[in-house]
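One structure below.
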Amino acid sequence: MKRPEWWTIAITAYCVWNAHDLAAAWTDAPYEREAWLCLLIWLSPIAAAVFAGKRPQPSTPLLIAALGLALSGAATSVNFIGDTGAAVAAAAWTPRHSRQAVWLPASILWMPVSGWIAHSLDPMPLLALRILLSVAASAWYAAAIVRPHFTEKRIS
Amino acid sequence: MKAAGAFKIGTVLAIALGIAWETYPLDGGSRRLAAMALTGPGFAGEDVRLDPGEQAVYGSARVLKRKYACKAGAVLITIVDGARNRHGVHDPVYCLRGAGWQITDTQDVAAPSGKGEWIRASRDGKQSEITYWFSEPGSDYASPTRYWMRTALRHMTLGRSGSEPLLVIVQPIGVASVDMTELYRTLPPLGQF
């Protein structure tokens, strides 16, 4: 398999670095403690693709979109935009499939913005709901990736 | 090949621009915080140290935390300037809910130059209330969304779109409630920074 080019790794690394405030949120914000579990679950399709030997070449359009979002997040100091950039950068490294269109928006579940949107709920039930939805979206996508006859599809 | 080279150079420049933008030091509201008088006719204040939990939450944001005693009563005032760390400024309702408080009542209230929000909350049988607003020179408002939009615009324009809004939180000390109109009258610094 062809090695990824350095600029694809640079964009991904920048987008991940740009979302570094997530660590502080997971440490200090009561609504976000343990929300890192949602990220671990959400990343499982990438692990599934690696173990199934179906790791694709990164998607250039998604990486450009991720860089644009990360820059917008940096310029506005709005974490949600930067976090979305990190999610899109991660998605660039996953196989293209229509189920990605459900899995990628599910990234909001590990972002602090979902805690803010749903803060009328208590933190623990909200965390349970976020984990449950993360498992559902990630498992559905990962199941498609690990199928023996998996073929990449364009998101329609 | 030329296009690929330009693309790679563009990537490096874009990342450098993003890092420069993120680390650009914005001018904050330190002069407004310094203008908040500690003592004066009919009122006396005392600075309060932030506890370690507050220090972690506010990070590099500038924070003034002060007890004041005046004719309206005793209050704890916290003013947060998020110019150096906008993410240290949170929606107070979100913070209360996260700390396990149940919001039992909310009301729009007058702030010195606009509108604020009064909140009553309870936890473990204990009642508490706070009043908060976001303060810009000549304009106070209680909407966190408006605060985020204003500060996002400030970051995009590198501080040229206006003053940094400050978050002001007022909590009564030792009593269940404080008359805010009387407080603004007897604690003039609240409306003068």
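FYI, side chains are in, hydrogens and waters are out, and symmetry mates aren't considered; it's all heavy atoms of this structure. Here is the naming used below: chain letters follow the sequence lines, and residue numbers restart at 1 for every chain.
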Contacting moiety of [X], where chain A heavy atoms sit under 4.5 Å:
X       : answer
B:Arg97 : both
B:Ile19 : both
B:Ala56 : both

Mind ranking [options] by heavy-atom pairs under 4.5 Å with chain A and telling me who comes out on top?
options                             : value
B:Thr23, B:Asp91, B:Leu17, B:Thr157 : B:Asp91
B:Tyr94, B:Trp21, B:Phe7, B:Trp148  : B:Tyr94
B:Met156, B:His87, B:His90          : B:His87

Applying the 4.5 Å side-chain criterion to the ILVMFWY set and letting contacts propagate, would [X] and [Y] be lumped into a single cluster?
X        : Y        : answer
B:Leu96  : A:Ile117 : yes
A:Met124 : A:Ile41  : yes
B:Ile79  : B:Val170 : yes
A:Ile46  : A:Ile9   : no
B:Tyr132 : B:Ile103 : yes

Smallest separation among heavy atoms of A:Trp6 and B:Val12, with atom names: CH2-CG2, 3.7 Å

4.5 Å side-chain heavy-atom contact, A:Leu67 and B:Ile15: yes

B:Lys8 NZ: over 12 foreign heavy atoms closer than 6.0 Å: yes

NZ/B:Lys65: more than 12 non-hydrogen atoms of other groups inside 6.0 Å: yes

Residues in residues 69-81 of chain A near chain B [non-hydrogen atoms, under 4.5 Å]: A:Leu71, A:Ala74, A:Ala75, A:Thr76, A:Ser77, A:Val78, A:Asn79

Positions in residues 11-31 of chain A that reach chain B, provided some heavy atom is under 4.5 Å away: A:Ile11, A:Tyr14, A:Trp17, A:Asn18, A:His20, A:Asp21, A:Asp28, A:Ala29, A:Pro30, A:Tyr31

Chain B contact via A:Leu126 - which portion, at a heavy-atom distance below 4.5 Å: neither

Part of A:Thr8 lying under 4.5 Å from any heavy atom of chain B: neither

